[in-house]
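It should be emphasised that the depicted structure is a prediction, and the values quoted were computed from it without experimental measurement. Numbers here simply count residues along the sequence, with the first being 1.
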Amino acid sequence: MIVIFKNTAKPEQVHALCESFEAQGLKIHNSEGEHTHLIGLIGDTSAVDIDWVRANDFVEDVKRVSEPYKKANLKFHPARTVVDIAGRRIGGGHFAVMAGPCSVESEAQIVEVAGAVKESGAGLLRGGAFKPRTSPYAFQGMRAEGLELLRRARAATGLPIVTEIMNTEHIPLFEDVDLIQVGARNMQNFELLKELGRLKTPILLKRGLSSTIEEFLMSAEYIMAGGNENVILCERGIRTFEPSMRNTLDISAVPMLKSRTHLPVVVDPSHAAGIAWMVEPLALAAIAAGADGLMIEVHNDPPHAKSDGAQSLTPAQFDALMQKIKGAAAFFGEAMAV
């Protein structure tokens with residue numbers, strides 16, 4: 001349930017009403033915008049008398065919300081969330097590009113790619129230290145050593161780092177990671193989500209291979225319910241019956257998510273199709289659909305990459321794409337985070 005207050009509502013009036021709701025066992029989610037002040041009631045609101053609430057002369061309106069996600073709901077939080085990642089902002093008109101290799105392979109590789117993507121205008125460096133792979137025999141990443149190499153690349157370039165966490169046991173290793181990624185396979189790892197909810201570090205949550213929009217938002221809700229509201233959603237393609245590409249980018253998910261949640265929404269066009277030449281058209285389509293950012297894989301030697309070389313751009317290809325991305329972002333009024 002949402003209670004919207006009039007501009008003339010006094011703090012003591014709002015406080016008294018909130019106390020009456022809390023006495024009924026409800027939790028309060030407060031949201032104050034420049035022109036709007038509202039509260040969301042979380043819990044069983046079936047016994048709340050809407051007419052009684054509306055009878056208060058400082059209440060503008062009362063609405064029931066049927067969606068099970070509350071903290072991620074745009075109705076509860078009409079102002080768009082802007083997530084700050086070491087000075088780079090995403091959401092609310094701020095657009096960011098995260099770029100780098102699928103996996104960290106050596107110090108020379110990650111530092112070279114980091115320098116190249118920064119020069120082209122990327123705002124954050126992505127790179128996998130822990131890699132979930134379909135085959136147990138495939139390269140699983142450099143793990144803790146890979147995290148250390150990402151830190152060295154950050155020191156060399158100043159770019160905040162984005163990398164994927166696999167389980168709760170690894171959380172101590174991620175204390176100084178700027179943006180922690182939850183991969184598609186872990187989107188419904190609820191124990192991990194709950195632990196990440198106790199952190200202050202921003203979280204990039206990827207949509208699961210076969211997850212619905214509501215399931216995706218409910219996973220974000222797990223993190224936010226724990227107290228961490230710095231969540232960024234990432235559409236990365238879903239599994240369909242089409243075999244010509246790795247996944248199918250659900251471009252319609254971008255405007256649908258933007259209509260339901262205040263959280264920033266970014267798109268990963270590299271994993272979406274798994275084909276390098278498709279990254280450009282999908283990236284530009286994502287911007288046109290309203291995405292707040294992009295995550296793009298870049299490798300200095302894609303044919304010899306230890307993972308996902310087929311979908312990785314070379315630094316030169318990424319630089320050419322970034323010129324188009326900058327133009328498209330400017331056309332749609334997005335401020336680039338660099």
Within the 3.5 Å criterion, strictly below it, is a donor on [X] or [Y] matched to an acceptor on the partner's side chain?
{"X": "S244", "Y": "E242", "answer": "yes"}
{"X": "E229", "Y": "H77", "answer": "no"}
{"X": "H37", "Y": "N7", "answer": "no"}
{"X": "H262", "Y": "T81", "answer": "yes"}

Nearest non-hydrogen partners of [X] and [Y], listed with the distance:
{"X": "L38", "Y": "F5", "answer": "CA-CD1, 4.2 Å"}
{"X": "A289", "Y": "I251", "answer": "CB-CG1, 3.9 Å"}
{"X": "I238", "Y": "G208", "answer": "CG2-O, 4.0 Å"}
{"X": "P160", "Y": "I85", "answer": "CG-O, 3.8 Å"}
{"X": "N73", "Y": "K75", "answer": "OD1-N, 2.9 Å"}
{"X": "I90", "Y": "A96", "answer": "CG1-CB, 3.5 Å"}

With a cut-off of 6.0 Å (strictly less than), are more than 12 heavy atoms of other residues, nucleotides or ligands near [atom1] of [X]?
{"X": "E119", "atom1": "CD", "answer": "no"}
{"X": "R151", "atom1": "CZ", "answer": "yes"}
{"X": "R89", "atom1": "CZ", "answer": "no"}
{"X": "M256", "atom1": "CE", "answer": "no"}

- Item | Identified side-chain contact (heavy atoms from CB on, under 4.5 Å) partner of P202 from the options V231, L179, D178 |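 When V231, L179, D178 are each tested with P202, the side-chain contact (heavy atoms from CB on, under 4.5 Å) holds only for L179.
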
- Among I2, L26, I50, V62, find the one that has a side-chain contact (heavy atoms from CB on, under 4.5 Å) with T45.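 Result: among I2, L26, I50, V62, L26 is the only option passing the side-chain contact (heavy atoms from CB on, under 4.5 Å) with T45.
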
If we ignore hydrogens and angles and just use 3.5 Å, is the side chain of [X] paired with the main-chain N or O of [Y] as donor and acceptor?
{"X": "N30", "Y": "I39", "result": "no"}
{"X": "N56", "Y": "V59", "result": "no"}
{"X": "R80", "Y": "T261", "result": "yes"}
{"X": "Q13", "Y": "K10", "result": "yes"}
{"X": "N228", "Y": "T201", "result": "yes"}
{"X": "K70", "Y": "I42", "result": "no"}
{"X": "E221", "Y": "K71", "result": "yes"}
{"X": "N186", "Y": "G183", "result": "no"}

- Which residues pass the side-chain hydrogen bond (donor to acceptor under 3.5 Å, both in side chains) test with K306, sequence neighbours left out?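 side-chain hydrogen bond (donor to acceptor under 3.5 Å, both in side chains) check on K306 returns nothing, list empty.
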
Taking side chain as C-beta onward, heavy atoms only, is [X] less than 4.5 Å from [Y]?
{"X": "I213", "Y": "L257", "result": "yes"}
{"X": "I296", "Y": "M322", "result": "no"}
{"X": "D176", "Y": "R154", "result": "yes"}
{"X": "V182", "Y": "I203", "result": "yes"}
{"X": "F76", "Y": "S31", "result": "no"}
{"X": "M336", "Y": "K326", "result": "yes"}
{"X": "R143", "Y": "H170", "result": "yes"}
{"X": "T314", "Y": "N300", "result": "no"}

- Not counting sequence neighbours, which residues clear salt bridge (charged side-chain N to carboxylate O under 4.0 Å, His left out) with K27? List them please.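 Salt bridge (charged side-chain N to carboxylate O under 4.0 Å, His left out) list for K27, sorted by chain: empty.
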
Between atom [atom1] of [X] and atom [atom2] of [Y], what is the distance when rounded to the nearest 0.5 Å?
{"X": "Q181", "Y": "I232", "atom1": "CD", "atom2": "CD1", "result": "11.0 Å"}
{"X": "E22", "Y": "L17", "atom1": "CD", "atom2": "CG", "result": "10.0 Å"}
{"X": "M142", "Y": "L147", "atom1": "CE", "atom2": "CG", "result": "10.5 Å"}
{"X": "D49", "Y": "D51", "atom1": "CG", "atom2": "CG", "result": "5.5 Å"}
{"X": "M187", "Y": "Y222", "atom1": "CE", "atom2": "OH", "result": "10.5 Å"}
{"X": "Q311", "Y": "M245", "atom1": "CD", "atom2": "CE", "result": "13.5 Å"}

- Would you please name every residue forming a side chain to side chain contact (heavy atoms under 4.5 Å, CB included) with Q188, sequence neighbours left out?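 Q188: side chain to side chain contact (heavy atoms under 4.5 Å, CB included) contacts with F190, E215, S219.
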
- Partner set under side chain to side chain contact (heavy atoms under 4.5 Å, CB included) for K6, not counting sequence neighbours: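 Counting only residues at least two positions away or on another chain, K6 forms a side chain to side chain contact (heavy atoms under 4.5 Å, CB included) with T8, E60.
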
- Message: Under the criterion side chain to side chain contact (heavy atoms under 4.5 Å, CB included), I'd like the reasoning laid out for Q317 against V298: C-alpha separation, chi angles, the key distance, then a yes or no.
- Response: CA-CA 9 Å; Q317 291 171 327; V298 181; over 6 Å; no

Just distance, no hydrogens or angles: give the donor-acceptor pairs under 3.5 Å from side chains in residues 123-131, sequence neighbours left out.
from	atom 1	to	atom 2	distance (Å)
R126	NE	P101	O	3.4
R126	NH2	C102	O	3.3
K131	NZ	C102	O	3.3

Throw together a table of side-chain donor-acceptor distances under 3.5 angstrom for residues 263-270, partners on residues two or more places apart or in other chains.
from	atom 1	to	atom 2	distance (Å)
D268	OD1	S270	N	3.0
D268	OD1	H271	N	3.1
D268	OD2	K206	NZ	2.6
D268	OD2	H271	ND1	2.8
S270	OG	E297	N	3.0

In terms of side-chain geometry, is the basic nitrogen of [X] or [Y] positioned less than 4.0 Å from the acidic oxygen of its partner?
{"X": "E107", "Y": "R152", "answer": "yes"}
{"X": "D319", "Y": "K324", "answer": "no"}
{"X": "R260", "Y": "E67", "answer": "no"}
{"X": "D292", "Y": "K258", "answer": "yes"}

- Task: Assess whether side chain to side chain contact (heavy atoms under 4.5 Å, CB included) is satisfied between L313 and E280, documenting all intermediate values.
- Result: CA-CA 10 Å; L313 302 183; E280 178 178 312; over 6 Å; no

